[in-house]
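Heads up: numbering here begins at 1 and tracks the sequence. Start at 1 and go down the list; that is how both ligands and their atoms are numbered.
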Amino acid sequence: MSLLPEVAELIARARTDLRMGLPVVLQGGGHGALVLAAETLRPARLRDLMALPGQPVLAITARRAETLKARPYDGDLARLPVPPGATPEWVGALADPADDLRHPMKGPLTALRDGSADLHRIALKLAKSARILPAAILAELGDPASFARDHNLTLLPAVHTAAQLDLASPMNAVVSARLPLAVSEAGRLHVFRPADGGEEHYAVEIGRPARDKPVLARLHSACFTGDVLGSLKCDCGPQLHGALTQMGSEGAGILLYLNQEGRGIGLANKMRAYSLQDQGFDTVEANHRLGFEDDERDFRLGAELLQRLGFSQVRLLTNNPAKIAMMEKEGVAVVERVPLKVGENPFNKAYLATKAKKSGHLL
Ligand SMILES: Nc1nc2c(ncn2[C@@H]2O[C@H](COP(=O)(O)OP(=O)(O)OP(=O)(O)O)[C@@H](O)[C@H]2O)c(=O)[nH]1
Ligand SMILES: [Zn+2]
């Protein structure tokens, strides 16, 4: 029946629910769980969740568990029992590292060893894709389908949801129009909308690059602070304008503007990371303390957009070897790496050095 939502559509709904503090229900084989995001937890909802039979569990990523000195027995995550009488502040302090230095002693925290972590893993992936803190409370449900129906909540089939979350979403070309730019009057902007309801991405085409030859290309990840505000904490603004300028002077190029703000963690989380950087942590450590990997971006997206636009060979403007590797893996030949060393200043010197040292960026 085509009028029923598909799994990708249910996930899009669930992202919105979690961002707003509404629970969602996961249905596994013979069991299920009510899921509430830690970041958007409201006192009344925590109280009602605590009144359900069984002890709820706070799921955090292994990265966050490391900071909290909790054992991630499940490998990539840890499940912490929520003690009776736990408050939203208790949950917040475990999910959000903002006050870690002021209140370092949150434990001892004993993680669960027994039982399955499958639903918890899905809950954390959902939270990441909703661009909120990767931490969620789960309460077991005997009959998840009835619970979801009775409470008018989004019901997600666990196995299909897990599989869907790992897929790169198909992209729909929405529109393209002429856009004269300072770097070239022959500019054109293409808008792509992912079928999974995620953020739109853009391609800026300069001139009419031949589709059967290597094109000068840049995969630029959105950086509101650098691109728009001229932040000195990173090199994004100068890289964006440097790439466009080079394309303008060569007369041809393609710049993908990917809405993967903050290396895929979203602007709010990036600002949390900045606040940790002010406490002395570097860009990688800050991501880890928040519970994220160094880089949460999916570069399959860039390859897919290039192919959709008809390109299969690029001269890639980048210093990031991971971008090159992903292009090659996804079938876009990188015939040349074109270095993009611009915009170093006293405020971003340490940031760029950390990327070179810890993330393998080329100097
Ligand atoms: N999480 C996090 N993201 C950051 C930080 N500083 C900048 N970013 C984000 O990092 C991304 C920069 O991406 P790119 O310009 O593609 O840089 P890159 O991966 O270093 O690769 P190249 O520039 O191609 O060498 C943007 O999404 C920024 O918002 C930070 O301290 N923490
Ligand atoms: Zn930036």
Side-chain angles (χ1 to χ4, degrees), residues 61 63-64 97 128 131-134 199 201-202 204 216-244 246-247 253-303 305-306 314-327 332 334 336-345 347-363:
T61 66
R63 291 293 187 192
R64 182 74 189 126
K128 280 187 180 182
R131 307 280 187 256
I132 50 180
L133 286 170
E199 280 155 308
H201 306 284
Y202 319 123
V204 184
L216 181 64
R218 165 91 184 137
L219 268 64
H220 188 85
S221 297
C223 177
F224 171 70
T225 48
D227 300 341
V228 179
L229 302 179
S231 158
L232 298 175
K233 268 185 77 78
C234 59
D235 56 347
C236 301
Q239 281 193 325
L240 173 64
H241 297 289
L244 286 173
Q246 187 166 344
M247 290 173 190
I254 188 89
L255 181 136
L256 301 184
Y257 193 89
L258 307 172
N259 273 311
Q260 305 174 314
E261 174 66 61
R263 295 199 294 272
I265 66 176
L267 184 61
N269 285 323
K270 183 175 92 171
M271 297 324 286
R272 292 189 172 111
Y274 275 10
S275 155
L276 294 174
Q277 288 168 32
D278 283 342
Q279 296 178 19
F281 300 104
D282 70 31
T283 182
V284 169
E285 291 162 346
N287 260 39
H288 291 175
R289 293 185 80 87
L290 283 160
F292 293 106
E293 298 304 317
D294 322 4
D295 196 334
E296 295 274 357
R297 288 174 291 183
D298 184 351
F299 284 122
R300 290 179 297 184
L301 172 62
L305 290 183
L306 285 170
V314 291
R315 292 166 52 226
L316 195 62
L317 277 156
T318 189
N319 308 316
N320 183 351
K323 284 187 188 175
I324 300 171
M326 190 51 94
M327 287 296 103
V332 175
V334 180
E336 183 190 346
R337 176 182 83 89
V338 184
L340 191 55
K341 276 283 291 173
V342 283
E344 186 169 317
N345 68 54
F347 294 92
N348 67 17
K349 213 173 158 49
Y351 164 74
L352 295 174
T354 302
K355 289 216 291 189
K357 193 165 139 238
K358 294 191 174 176
S359 310
H361 280 62
L362 306 158
L363 290 173

* Which ligand 1 atoms, with their elements, are less than 4.0 angstrom from a heavy-atom of Q260? -> 27 (O)
* Note the single closest protein heavy atom to atom 17 (O) of ligand 1, along with its residue, its atom name and the distance in Å. => K355 NZ, 3.8 Å
* **Donor-acceptor pair, side chain of N348 and main chain of K233, under 3.5 angstrom** => no
* Candidate pair D235 and K341, rule salt bridge (charged side-chain N to carboxylate O under 4.0 Å, His left out), full reasoning -> CA-CA 9 Å; D235 56 347; K341 276 283 291 173; over 6 Å; no
* Part of A222 within contact of ligand 1 (heavy atoms, under 4.0 Å) -> backbone
* **Which atom of I132 lies closest to which atom of N269, heavy atoms considered** => O-ND2, 3.4 Å
* In the protein, which heavy atom is nearest to atom 18 (P) of ligand 1, and how far is it? -> H361 NE2, 3.5 Å
* N/O to N/O below 3.5 Å, does that happen between H220 and ligand 1? -> no
* Look at the side chain of S231 and the backbone N and O of G226, then say whether any donor-acceptor pair between them is shorter than 3.5 Å. => no
* Considering only heavy atoms of S221, which atoms of ligand 1 have at least one such atom less than 4.0 Å away? -> 13 (O), 16 (O), 26 (C), 27 (O)
* Can you pull out the closest protein heavy atom to atom 15 (O) of ligand 1? Residue, atom name and distance to 0.1 Å, please. => R218 NH2, 3.1 Å
* Asked: Which atoms from ligand 1 have a heavy atom of C223 less than 4.0 Å away?
  -> 28 (C), 29 (O)
* Asked: Is there a donor-acceptor pair closer than 3.5 Å between any side-chain N or O of R131 and the backbone N or O of I265?
  -> no
* Asked: Where on R263 is there a heavy atom closer than 4.0 Å to ligand 1, on the side chain, on the backbone, on both, or on neither?
  -> both
* **I265, portion touching ligand 1 at heavy-atom distance under 4.0 Å** => side chain
* To do: Please assess L219 against M327 for the test side chain to side chain contact (heavy atoms under 4.5 Å, CB included), listing each intermediate value before the final yes or no.
  => CA-CA 10 Å; L219 268 64; M327 287 296 103; 3.5 Å; yes
* Give yes if a backbone or side-chain nitrogen or oxygen of G262 is under 3.5 Å from a nitrogen or oxygen of ligand 1, and no if not. => yes
* Sequence neighbours excluded, every pair satisfying salt bridge (Lys or Arg N to Asp or Glu O under 4.0 Å) that has a member inside residues 259-269 -> E261-K270
* Just by distance, with hydrogens left out, do D282 and Y351 show a side-chain donor and acceptor under 3.5 Å apart? -> no
* Which residue and non-hydrogen atom of the protein lie closest to atom 1 (N) of ligand 1, and at what distance in Å? -> N287 OD1, 3.0 Å
* Asked: Ignoring hydrogens and geometry, is there a side-chain-to-backbone donor-acceptor pair from H288 to R63 under 3.5 Å?
  -> no
* Asked: Which is it for F292 and ligand 1 at heavy atoms under 4.0 Å: side chain, backbone, both or neither?
  -> neither
* Check the surroundings of atom NZ in K358: do more than 12 heavy atoms from other residues, nucleotides or ligands lie under 6.0 Å from it? => yes
* Asked: Would you say ligand 1 has an N or O under 3.5 Å from any N or O of C234?
  -> no
* Asked: What residue and atom, counting heavy atoms only, is the protein's closest point to atom 7 (C) of ligand 1, and at what distance?
  -> Y351 OH, 3.1 Å
* Asked: What residue and atom, counting heavy atoms only, is the protein's closest point to atom 14 (P) of ligand 1, and at what distance?
  -> R297 NH1, 3.6 Å
* Residues forming a salt bridge (Lys or Arg N to Asp or Glu O under 4.0 Å) with K128, sequence neighbours excluded -> E296
* Structure fact -> If you compare T318, T354, L340 by their heavy atoms, the one closest to atom 22 (P) of ligand 1 turns out to be T318
* Asked: Is a donor on one side and an acceptor on the other found under 3.5 Å between the side chain of R64 and the backbone of R289?
  -> yes
* Asked: Do R337 side-chain atoms and T318 backbone N/O form a donor-acceptor pair below 3.5 Å?
  -> yes
* **For ligand 1, the portion of D235 having any non-hydrogen atom under 4.0 Å away** => neither
* Counting N and O atoms only, with roles assigned by atom type, does the side chain of N319 sit under 3.5 Å from a partner on the main chain of P339, one being a donor and the other an acceptor? -> no
* To do: Mark the output for F224 as yes if a heavy-atom distance to ligand 1 is under 4.0 Å, and as no if none is.
  => no
* Asked: Considering only heavy atoms of T283, which atoms of ligand 1 have at least one such atom less than 4.0 Å away?
  -> 30 (C), 31 (O), 32 (N)
* Asked: So is K233 in contact with ligand 1, going by heavy-atom distances below 4.0 Å?
  -> no
* Asked: Does H241 reach the main-chain N or O of Q239 with its side chain, forming a donor-acceptor pair under 3.5 Å?
  -> no
* Considering distance alone, does some N or O of D295 sit under 3.5 Å from an N or O of ligand 1? -> no
* **Proximal ligand 1 atoms for K323, defined as those under 4.0 Å from one of its heavy atoms** => 14 (P), 16 (O), 19 (O), 21 (O), 22 (P), 24 (O)
* To do: Run the numbers for me: atoms of ligand 1, each under 4.0 Å from some heavy atom of Q239, listed by number.
  => 15 (O), 23 (O)
* Note the single closest protein heavy atom to atom 12 (C) of ligand 1, along with its residue, its atom name and the distance in Å. => C236 SG, 3.8 Å
* Structure fact -> Within 4.0 Å of some non-hydrogen atom of N319, the atoms of ligand 1 are 22 (P), 24 (O), 25 (O)
